[in-house]
Amino acid sequence: MSGDGGFTAHLNPWLEQREPNWFELLAQHSLGAALRPGFDHAVKVVAQRYPERWGFLWRFHTELYAVVDCLLQQHYLQRFSASFAENFYNMKREPVTGSKCCDPSLCSKHLNTSLLFLVFFP
């Protein structure tokens, strides 16, 4: 804890400008891969606990996961210019310098392409 009463270690500008290391890239990939089994387990527990009300969730858990993942990734891409796992490790997607987008955030073409490859072709 710092002297002014708050945690300020995450506000260090050096952390925002550096390149991610291999550990962070591997951890980001592992977090993205761990979301699916966690979601499947949660749906399975709810469906087994209350089969008459939520039993149908287990039959459609693959489609349900695709919709939830699409909404989650779209929100994070629009808001933070990063996928959920990338944002968790303070990474950000930036357009290539030769691109026609002058805005530092993702333009709609890059957002849609990123969303396609994050959700449908992981």
Side-chain angles (χ1 to χ4, degrees):
M1 191 173 202
S2 66
D4 61 347
F7 292 97
T8 58
H10 67 283
L11 299 176
N12 188 350
W14 177 80
L15 292 175
E16 294 177 10
Q17 296 175 358
R18 67 182 177 84
E19 295 287 323
N21 59 25
W22 285 102
F23 172 74
E24 290 172 333
L25 292 173
L26 182 63
Q28 175 265 329
H29 181 71
S30 298
L31 176 63
L35 291 177
R36 175 73 182 253
F39 179 83
D40 287 347
H41 181 70
V43 169
K44 187 176 183 180
V45 167
V46 169
Q48 287 179 348
R49 176 91 179 183
Y50 305 105
E52 63 281 347
R53 182 167 178 124
W54 302 109
F56 71 93
L57 290 178
W58 185 245
R59 284 179 281 166
F60 300 109
H61 74 278
T62 306
E63 293 84 2
L64 185 63
Y65 177 76
V67 169
V68 169
D69 190 35
C70 185
L71 292 173
L72 178 74
Q73 299 299 351
Q74 182 180 15
H75 170 74
Y76 274 87
L77 283 170
Q78 285 177 343
R79 184 131 191 207
F80 304 108
S81 297
S83 69
F84 172 73
E86 291 166 348
N87 185 53
F88 188 81
Y89 287 101
N90 293 327
M91 295 181 209
K92 184 177 180 181
R93 292 175 183 238
E94 295 178 354
V96 180
T97 55
S99 132
K100 294 179 182 175
C101 293
C102 23
D103 189 20
S105 64
L106 295 176
C107 63
S108 63
K109 179 184 174 187
H110 291 143
L111 189 136
N112 291 334
T113 305
S114 295
L115 187 63
L116 179 73
F117 282 104
L118 278 170
V119 177
F120 300 108
F121 301 112

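Owing to the predicted nature of the structure, the values given are computational and were not obtained by experimental measurement. Here, residue 1 is the first one in the sequence, and each next residue gets the next number.
- When hydrophobic clusters are built by joining Ile, Leu, Val, Met, Phe, Trp and Tyr residues whose side-chain heavy atoms come closer than 4.5 Å, directly or via intermediates, Leu72 is not grouped with Leu111.
- Hydrophobic cluster membership is shared by Leu35 and Val43, with clusters built from Ile, Leu, Val, Met, Phe, Trp and Tyr side chains linked at under 4.5 angstrom.
- Closest approach of Lys92 to Ala82, counting heavy atoms only: CA-CB, 4.1 Å.
- Connection of Leu115 to Phe88 is not established within any shared hydrophobic cluster, with ILVMFWY side chains joined at heavy-atom distances below 4.5 Å, either directly or through further cluster members.
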Query raised in the report: Passes side chain to side chain contact (heavy atoms under 4.5 Å, CB included), Asn90 versus Glu24? Steps please.
Result: CA-CA 9 Å; Asn90 293 327; Glu24 290 172 333; over 6 Å; no
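- In terms of hydrophobic clustering, with Ile, Leu, Val, Met, Phe, Trp and Tyr side chains grouped at heavy-atom distances under 4.5 Å, Trp22 and Leu31 are assigned to a common cluster.
- Of all heavy-atom pairs between Glu86 and Gln28, the closest is CG-NE2, 3.6 Å.
- The shortest non-hydrogen separation linking Leu118 to Ser83 is CD1-CB, 3.6 Å.
- Scanning for side-chain contact (heavy atoms from CB on, under 4.5 Å) contacts around Phe121 gives Leu116, Phe117, with sequence neighbours left out.
- Applying the side chain to side chain donor-acceptor pair (under 3.5 Å) rule to pairs touching residues 112-122 yields Arg93-Ser114, sequence neighbours excluded.
- Residues in residues 52-77 take part in these side chain to side chain donor-acceptor pair (under 3.5 Å) pairs, two or more places apart or across chains: Asp69-Gln73.
- Here the straight-line distance linking atom CG of Leu57 with atom OH of Tyr50 works out to 13.0 Å at 0.5 Å rounding.
- In the displayed structure, Phe80 atom CZ is contacted under 6.0 Å by more than 12 heavy atoms of other residues, nucleotides or ligands.
- Note that OH of Tyr89 and CG of Asn21 are 11.0 Å apart. Values are rounded to the nearest 0.5 Å.
- Going from atom SG of Cys70 over to atom CG of Leu77 covers 9.5 Å, rounded to the nearest 0.5 Å.
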